[in-house]
Amino acid sequence: MNGPLDPERVFALVVGIESYRIPGWSLPGPARDADRFADWLCGPAGVPEAQVRVLLSPLDQSLAQSRPPATAENVHRVLYEELPQCDGDLLWIYWAGHGFINDSCQLLLPYADATTDRTRHLNLQAALHWWRSSRIPGRRFHRVVAVGDTCRIEAKRAKKYGFGTDKPDAGELNIDRRQFVLFAAQLGQAAKNQAERQAGQFTHTFLKHLAGQTVSKTVEGLVGIAQAVQADFAEMRKNGEAWQEPQFVIDQGFDESTLFGDRWTNDTTGALSEPAGAQVLDQDAWTELGQLLTELGELLTVGTLPAYTYDAYRWAFEVTGCAIPPGDALPAERLLDIVRDLDSRQGRRLDFPLTLPFVCHLAARAKGSNPTWAAEAEAWVDRTRDRLGAAPIPPPPGPTAERPTLHVRLMPDPDDDSKYWSHMWLYRREFESVWESSQPLDLKTVQDELAQQLAACSHTPTRVEFHVPWTLLDEPFESWPVPVRDKTAELGCRFEVVLRCPDERQGIAEIPWKVKWAWLKAQGGQHPKAVRELFDSDVSDDLSDSLQETEPPVAVLAEVTEPLIKRMLDAVLDGGVPIAIWRRQADSQDGMAVPIRTALAEDPAPFDIQTLPARLRTARIKRRPLVLMWDDPGRIPERQTLIS
């Protein structure tokens, strides 16, 4: 396709849903947003009105006019039957309403006739796959632009709804077709609806940047428009006026991967064009790298991927200026498959393959645990870069420096279950014993000694880790008093306080514990499967088996009532889950329990679970009595084998 885009060859599906058959789902604004978007398409954009299919389910029926409702039947008829038979170059899809993401990070858009038991929906990614496949006849619709002003919150948080599946049978991938998707929010975020304005905050902002633009100019400048919308939201977030972060993705493959960074148009002519070829690995590089990655796999003592694998994967995109694939997850479970994925992509930097910075990052992180392999990997990067004539690679970022931590071990006295043998260590690169009891002590004496050690530490710790038996998990350590001038403060408000039970994780329970922690270090703390929420209905005899079945989850948020906390913790320990959060006591506002996710983060954005110790301290300052189990198998005094 060369030259300006002809609006006569543009078609659109515009959907706005305010009224659903599910109680409590009314949402004023989306129908008006869809109407405004259709007005832009048929007005300044220049698209013939007959080529814009508008489906509305408004709360105010005066808006419906002759618009068909956005039911499953109508959407399927328009999207999969009518529009594919049209002879066009570009398809616009605009959708405003509720939105959820499934376990594969695909956006599920409920129809107006969705019910609680049968929550019928459009799977947007599946629909886009279909439109990028051989199901579309001939050379029609080489471009698709999809815009979703919807939330992207996890469907698993809405357990009472029956989403099921909706994946039309797509044909062969047509690589000549390009797609641009603009979301109102990132994964896990809600999209703000401004009821007083009867408009979505995203659509209101987006339409300001489309005002007066023709469809050809808009499509040519989509990347710039999307970035301008992101900049507006960044400013609104800074001012406390917004919480969401719009995200755009170009050319998702059948695995939801971003294939071509942010290349959407030819910068010199403005014509839509195919991306230039980026460098890829040659046969010599593949032969050497296959052996190198096999050696690394054999060096791992736990898990299938080295620590920081996802960090290396993400940095490869950042350093090449390429759009990071959505989902905060690695594309495969084996290093060689991850490299194949990287080699099939390209960024804005066309002077070196993404694989080179990926391996460079892995090598930098392996120097401490596997220095010989790290040296071989760096030599491979240098040889490959020289042979391909690739650009120099900047040094990768190092791991976040660990701050001093005070470890407190309490071991019950076999002769008196009210007293404990106590030992304290300060950890700074290595463990240093700072105090040990000569006899068993009661907890009040341990409190006093802890306060003295905190005051006397040569390097003030930021965290206190209590290594305790299972029977002490109900002791409110985070509420222990520490002296501050002539007053006392709670320990958990001054320090990050975590509980640990390494001595309870022996025998069979030790294996999943170490495997799960190794998975966390490799995959990072934002993986969509890293956290599992538990409710009373989940606490059963087979819970521990369910938790240990796969590497994730590595953390649980236990929304369980007090009588079931002990059973839940038993399952967590037996199942090898290293991280857990539960309530110390009733946590309520106006008689209603505040969800743990809300207590940890007031906005609905997904958070990195590796920040939980700091988040729990903030929650305690806000008087949220939450408990954190944080059991790192690589940080145990007198048993200091670090997991690589």
Examine distances only and state if a side-chain atom of Lys367 and a backbone atom of Trp373 form a donor-acceptor pair shorter than 3.5 Å. no
Going by the angle between their ring planes, with limits at 30° and 60°, are Tyr313 and Tyr310 parallel, tilted or perpendicular? tilted
May I ask you to decide whether Glu318 forms a salt bridge with Arg314, counting only side-chain N to carboxylate O separations under 4.0 Å? yes
Give a yes or no on whether a salt bridge exists between Arg463 and Glu465, defined as a side-chain N under 4.0 angstrom from a carboxylate O. yes
So, the side chain of Gln506 versus the backbone of Asp503: is there a donor-acceptor pair under 3.5 Å, distance only? yes
I'd like to know if the side chain of Asp538 reaches the main chain of Phe535, judged simply by a donor and an acceptor atom lying under 3.5 Å from each other, with no hydrogens or angles considered. yes
Of Leu520, Leu547, Val515, the residue whose pairing with Val554 passes side chain to side chain contact (heavy atoms under 4.5 Å, CB included): Leu520
If the threshold is 4.0 Å, N to carboxylate O, is there a salt bridge linking Lys514 and Glu510? yes
With the threshold set at 4.0 Å, does a side-chain nitrogen-carboxylate oxygen contact exist between Glu559 and Arg597? no
So, do Asp541 and Arg567 sit near enough that their side-chain heavy atoms are less than 4.5 Å apart? yes
Between Leu564, Leu628, Ile565, which is the residue that forms a side chain to side chain contact (heavy atoms under 4.5 Å, CB included) with Trp582? Ile565
Taking Leu305's backbone N and O only, do any of them form a donor-acceptor pair with Thr309's side chain (distance below 3.5 Å, no angle check)? no
Ring centres under 6.0 Å, that's the criterion: do Trp315 and His361 meet it? yes
Does the pair Asp631/Arg500 count as a salt bridge with the N-to-O cut at 4.0 Å? yes
Could you tell me if the side chain of Asp328 sits less than 4.5 Å from the side chain of His527, heavy atoms only? no
Tell me, do Glu245 and Phe183 make a side-chain contact under 4.5 Å, heavy atoms counted? no
Examine the side chains of Gln247 and Arg152 and answer whether a donor and an acceptor come within less than 3.5 Å of each other. yes
The single option from Asn123, Val181, Leu107 passing side chain to side chain contact (heavy atoms under 4.5 Å, CB included) against Leu128: Val181
Carboxylate-amine/guanidinium contact Asp343 Arg340, below 4.0 Å: no
Among Val497, Leu626, Val627, which one satisfies side chain to side chain contact (heavy atoms under 4.5 Å, CB included) with Leu616? Leu626
Under a 3.5 Å distance rule, please check whether Gln548 uses its side chain to pair with a backbone N or O of Asp545 as donor and acceptor. yes
I'd like to check Pro306 versus Leu300 (side-chain heavy atoms, cut-off strictly below 4.5 Å). Are they in contact? yes
Okay, side chain of Arg505, backbone of Val577: is any donor-acceptor separation there less than 3.5 Å? yes
Are the side chain of Arg584 and the backbone of Glu475 linked by a donor-acceptor contact shorter than 3.5 Å? yes
Do Glu562 and Arg583 meet the salt-bridge criterion of a basic N to acidic O distance under 4.0 Å? no
Does Val249 reach the side chain of Gln125, with side-chain heavy atoms less than 4.5 Å apart? no
Under a 4.5 Å cut-off applied to non-hydrogen side-chain atoms, are Val531 and Pro553 in contact? no
Strictly distance-based, threshold 3.5 Å: is any side-chain N or O of Trp421 a donor or acceptor partner for the main-chain N or O of Arg409? no
Begin from the C-alpha positions of Leu454 and Val482 and carry the test side-chain contact (heavy atoms from CB on, under 4.5 Å) through to its verdict. CA-CA 9 Å; Leu454 288 171; Val482 289; 4.2 Å; yes
Can we say Arg429 and Glu402 salt-bridge, meaning some charged N sits less than 4.0 Å from an Asp/Glu carboxylate O? no
Flag side-chain contact, heavy atom, 4.5 Å: Ile579 against Val572: no
Under a plain distance cut-off of 3.5 Å, with no hydrogens placed, do Gln283 and Thr287 share a side-chain donor-acceptor pair? yes
Test: Lys566 cationic atom under 6.0 Å from Trp470 six-membered ring centre, within 45° of axis: yes
With the side chain counted from C-beta on, respond yes when Leu450 and Leu406 share a heavy-atom pair under 4.5 Å apart, and no when they do not. yes
